[in-house]
Amino acid sequence: MLDKNYDAKSVEPRIAKRWDDANAFAAGAGAKPDADPFCVVIPPPNVTGSLHMGHALNNTLQDILTRYKRMLGQNVLWQPGMDHAGIATQMVVERKLAEEGKRRTDFTREEFVEKIWEWKAESGGTIFNQLKRLGASCDWSREKFTMGEKGEADDPMVQAVMKVFVDLYNEGLIYRGKRLVNWDPHFETAISDLEVENIETKGHMWHFKYPLADGATYEYVEKDENGNVTLRETRDYISIATTRPETMLGDGAVAVRTDDERYAPIVGKLCEIPVGPKDHRRLIPIITDEYPDPNFGSGAVKITGAHDFNDYMVAKRNDIPMYRLMDTKAAMRADGAPYADDAARAMEIAKSGNTPDENTVDAINLIPDDLRGLDRYEARKKVIEQITSEGLAIMVPETDPRLGPVKAPLAPEDGDEVRALVPLVEKKKMQQPYGDRSKVVIEPMLTDQWFCDAETLAKPALAAVKEGRTEFVPKSWENTYFNWMENIQPWCISRQLWWGHRIPVWYGPAHPDRRGTPEGKGRQMFVATTEEEAFEQAKKFYEGYEVVLNNNVAPGAAATQLGDEEPRYFEMTISRDKDVLDTWFSSALWPFSTLGWPENTKELQTYYQTDVLVTGFDIIFFWVARMMMMGLHFQKEEPFHTVYVHALVRDKDGQKMSKSKGNVVDPLDLMDEYGADALRFTLAIMAAQGRDVKLDTTRIAGYRNFGTKLWNATKFAQMNDVPMGQDFDPTTATSPLNRWILTELGRAAAEVTDALDRYRFNDAAGAAYRFVWNTFCDWHLELLKPVFNGDDEAAKTEARAVAGYVLDQIYALLHPFMPFMTEELWQQTANGRDTLLCHAAWPTAVVDDEAAADSINWLIEVVSEIRSARSEMNIKPSLMVPLVVANGDNETRSLFDTHQAAIERLARVETISFADSVPDGAAQIVVSGQTICIPLAGLINFDAEIARLDKDLKGIEKDIAQAQGKLNNEKFVANAPEAVIEENKARLADRQNRREKVLAALARVRDSQS
RNA sequence: GGGCGAUUAGCUCAGCGGUAGAGCACUACAUUGACAUUGUAGGGGUCACUGGUUCAAUCCCAGUAUCGCCCACCA
């Protein structure tokens, strides 16, 4: 016998262990011979991670699918693993070190990386244990890590990444170059566009004068829309607006639109950057470009190619030098020659109009000595001060509307004009880029990075979805995918971090004997999947020279001269690239790297293409798109045929859960309180497509109660000797009640199955819920009671067998949603069950008996109506009442005979009799065209009875009016489908019949009252 | 600036061309045998607004309002 209560806390670990001991989720476990494979790869959680609601939802859905497919007998693999999560992990470990008062830079790179591995060993299993608590049926023996077991170079997980890099490099799809990238000054690394969040912030726009060189002047004319001159003055400057004054130091030009008449007179002239030591002011040219918008600001834009993405494009187009102003921490540069020297050098460049190579330009430091080393915002303040104090800020009256509402203008009194002039500093909302992890303002920075030609890789990935080989569910996400893929930019894949896959490129010096050829110039690259291979390449390249490998020297350092006497003998040192790859580069390979690629393993052959990817929309770009690209490129087949995109779990008020907001709901707490099954069921039933899940904990309690209900239903079965786990053929059942519940079971199973096949998790859970609670518990079990209490032994035997069968099927049907409790019930309810429920067969419909269904549905209606009438008449529940069926036809009599015991028990009826007329002083119920009476003279309150019948009548008449209205409408009859017309006709006939009966009943009540 | 989504019972959400549903909350009643983590009965909604299409609109179309998200280079 079951315990009084289901105790999730003790059952869940026990069942989990049982699955574990049985290896129940090993790839292919429980599969039929030659079964179709079904494979899902887990979105790998961060190694630093701990289970949050997003994981709980994501993994619940995957588990529902894999358990369902496993029960269908398919060859199932749910592949688990973790992601090394470069920045996130490095951040966590750095934070940990900070607690000990240490910094990353207190260690060597090797030491620090070793610390991360230690940390992984220590706490890396946390999230898997949490996933196991949730019931995730992954093949845990196949756990993978994006960095391999220990990061060894020959680990297949590492080799997969290396091979992909090398292959793409050899195909020209990966290249290195100096580009403007998003630079995170906190982590001191480049990041990709996707890792930047644009946040609206309050900023300012300053307006400054850039004086024309040599005191030149021009006539500045402004016109309105109609061409009338609104302003004409002689100027010796050009007005420039900027939100980032500190970048003025790196300006390479001022650009105006080609057709901007205002500036036509000065195009091609030089102007002066109004900051820095007076005697070394730099002059820059005024150029034309299509980029400036004449209607914005002054129409003239300063061009700082090294610190702004737009300017970068302009500078490239016009061969304007790009001067890098900041260091890796976004502080103003303090390296290189004194300002005077470098400024002079820049002047020469500007005058010559020939921009030297990028490394030469990069070496020039244009930060005035007094600003060197300052933080970029400190520098901004100083720059503004200096320009303003020199009188080069554009001045406007205090009343200028551009100053914004903050500065209250002095009201011009008694014709006074202007009280004062102030610098024009517009208050302005602007989109500011922030690092999504560091939350620090991103700095566009000109650096050497590795890029992947995403545009080329995206083409097949785009076509795969366009042509339907991979489908998104819900489909609307495909537009998001298309939009991004069609506008995809080169993917910056290098990161200046310590934790990650180190880029498999080794650098050596220029070849000493090949001056004047590419091999004899600059550093040489050896791209190889292993160090040995790179070494071999280098040896071949530097044939005749000594080659050594030393990763501690700067990559591509000059050849070392060996021996004083033999100057022709050099040592060629090669050293590996210091950078690591973007984490998503390795994640992109997940669907095939986890299956053993680059080796052609049996798993790869069996399970690739995988089936469904279940993921949140926030990583469609980061991950899904890149898996599509890499999967198609390296396997020539999409990594999955379906992408199920679920919503974000938000808090009750629709806010994204975040630690900083303090609104995080911890799924572990919820599992402690309600059990894993209740949490899972809630997430499943709330996972409607296309909408966020706003989690309301009261619902979890509700579904916990659902589990209790099932538990108690099973207890009831046990108390009535219902046999479970029998080999019973349900088609042999004969009684209407049994055939009815089998019919309902089949319908429910079909509904759940269909919903799961369409990824309608909420519909699936809802259908199972309704069947178990509202059909099986509310009616079938109640209707069984009179059978079990009766003395028809044959009927009891069949009823028990059917009840046992249905319960077994219920466990199976609910198992994907509530695996722990159902497995526990499965194990406890039958002796000698040698199977695990997780491997049991998925329910299918075997009995569909319309007549039996009609019969029981009639019974349910009668009972419900009697109960309703009793309640409204305030007849005490304890009072057993007689029932008189007036003018019943034979069919009705037979139904009452069949269901006599059930009606008596469920409606608390003492006797059922038949009469030719309605007895006096009776409550009258009209159901299925029959008038049923409760003759309780004296107990019936006539007013209440009249009110009840009136209410009934009103509803009926409303129905009649509606149905009649439709049927009288010629257009309706002409256009509506036959079924709808029939439905309305039937409704009308039924209501008319009932109206007659109810009117008669009303008349009788009124009669007896008078 | 572009795109997407939402607006349904007091709350959190399903439904989506043929007479509105769930969970929680609420009201009344019921505690001798599966279950108070319960049962029975009930109250509560012009399905944001305005037009249109249709025999029929909560559902389709257009527009409005409010809210939310994603993308975007206006200095």
Side-chain angles (χ1 to χ4, degrees), chain A residues 2 4-6 193 198 205 240-244 247 255 291-293 295-304 308-314 428 430-431 444 476-477 479-480 483-484 487 617-618 620-621 648 650 652-656 674 678 682 685-686 688 690-720 762-763 766 769-770 774 777-778 781-782 785 863-864 867-872 874-878 906 908 958-959 962-963 965-966 969-977 979-981 983-984 987:
Chain A
L2 294 177
K4 182 167 180 353
N5 291 312
Y6 171 71
D193 303 351
N198 288 307
M205 190 158 76
I240 301 287
T242 180
T243 55
R244 303 204 52 198
T247 64
Y291 164 64
D293 174 357
N295 300 315
F296 187 88
S298 67
V301 188
K302 66 190 215 50
I303 301 301
T304 320
D308 182 282
F309 286 97
N310 290 311
D311 294 3
Y312 178 74
M313 301 302 291
V314 177
K428 209 172 160 331
M430 43 194 260
Q431 296 289 327
S476 54
W477 288 111
N479 284 328
T480 308
N483 187 42
W484 191 67
N487 298 297
F617 62 80
D618 48 334
I620 288 178
F621 303 146
L648 237 52
R650 298 173 180 279
K652 242 173 69 152
D653 307 316
Q655 295 288 309
K656 200 168 170 173
Y674 304 104
T682 308
I685 209 162
M686 293 189 72
R691 217 211 245 205
D692 287 345
V693 175
K694 285 193 222 163
L695 193 75
D696 181 1
T697 50
T698 61
R699 291 197 67 162
I700 306 176
Y703 296 114
R704 186 260 333 261
N705 296 354
F706 174 60
T708 309
K709 189 75 181 171
L710 178 63
W711 185 261
N712 285 312
T714 302
K715 253 170 43 184
F716 172 76
Q718 286 188 327
M719 293 166 77
N720 287 284
N762 58 322
D763 289 341
Y769 179 94
R770 281 192 302 277
N774 303 124
C777 289
D778 285 352
L781 291 187
E782 290 305 322
K785 286 173 182 173
V863 170
S864 299
R867 282 170 169 174
S868 179
R870 287 182 58 127
S871 173
E872 279 173 64
N874 284 320
I875 298 172
K876 275 191 196 157
S878 55
L906 298 190
R908 306 205 51 82
K958 195 178 146 211
D959 284 0
Q962 261 180 26
K966 281 190 179 174
N969 182 342
E970 281 173 32
K971 284 182 177 168
F972 173 76
V973 179
N975 292 310
V980 175
I981 295 173
E983 194 188 321
N984 277 280
R987 187 179 298 139

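Below, read A as the first sequence line, B as the second, and so on, with proteins coming before strands; counting in each chain starts at 1.
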* To do: Starting from C1' on B/A75, measure out to CG on A/Asp308 and report it in whole angstrom.
  => 7 Å

* How far does the P atom of B/G1 sit from the matching atom of B/U64, given to the nearest Å? -> 14 Å

* To do: Taking side-chain hydrogen bond (donor to acceptor under 3.5 Å, both in side chains) as the test, write out the residues that go with A/Glu872, two or more places apart.
  => A/Ser868

* Asked: At under 4.0 Å between heavy atoms, what does A/Lys428 touch on the DNA or RNA strands: base, sugar-phosphate, or nothing?
  -> sugar-phosphate

* Asked: Per the atom types in the model, does the base of B/U40 pair as donor or acceptor with the side chain of A/Arg870 at under 3.5 Å?
  -> no

Short N/O separations, protein against nucleotides 24-32 of chain B, under 3.5 angstrom:
none

* To do: Check every strand shown and say whether A/Gln431 touches a base, only sugar-phosphate, or nothing at a heavy-atom separation below 4.0 Å.
  => base

* Across the strands shown, which category fits A/Ala974 at heavy-atom distances under 4.0 angstrom: base, sugar-phosphate, nothing? -> nothing

* Could you grab the distance from atom OG1 of A/Thr698 to atom OH of A/Tyr703, nearest 0.5 Å is fine? => 9.5 Å

* On the ring face of A/Phe716, is A/Lys785 found with NZ or CZ under 6.0 Å from the centre and within 45° of the axis? -> yes

* To do: Look up atom CD1 in A/Ile685 and atom CG in A/Asn762, then write down how far apart they are to the nearest 0.5 Å.
  => 7.5 Å

* Distance in angstrom units between A/Trp484 CH2 and B/C4 P, rounded -> 20 Å

* CZ of A/Arg699 to CE of A/Met686: how many Å apart, nearest 0.5 Å? -> 5.0 Å

* Between B/A75 (P) and A/Arg244 (CZ): distance, integer Å -> 12 Å

* According to a strict under-4.0 Å criterion, is A/Asn310 in side-chain N/O contact with OP1 or OP2 of B/C73? -> no

* To do: Whole angstrom is fine here: how far is it from CZ in A/Phe296 over to P in B/C73?
  => 15 Å

* To do: Figure out the CG/P separation between A/Asp293 and B/C73, and round it to whole Å.
  => 16 Å

* To do: Check every strand shown and say whether A/Asp959 touches a base, only sugar-phosphate, or nothing at a heavy-atom separation below 4.0 Å.
  => base

* **Between B/U38 (P) and A/Lys709 (NZ): distance, integer Å** => 8 Å

* Can you run through RNA chain B from 5' to 3' and write each base as (, ), [, ], | or . depending on how it pairs? Watson-Crick or G-U wobble, both distances under 3.5 Å. => (((((((..((((....[..)))).(((((.......))))).....(((((..]....))))))))))))....

* Within the structure shown, what part of the strands sits under 4.0 Å from A/Ile303 by heavy-atom distance: base, sugar-phosphate, or nothing? -> nothing

* When you compare B/U19 with B/U40, how far apart are their P atoms, in angstrom units rounded to a whole number? -> 26 Å

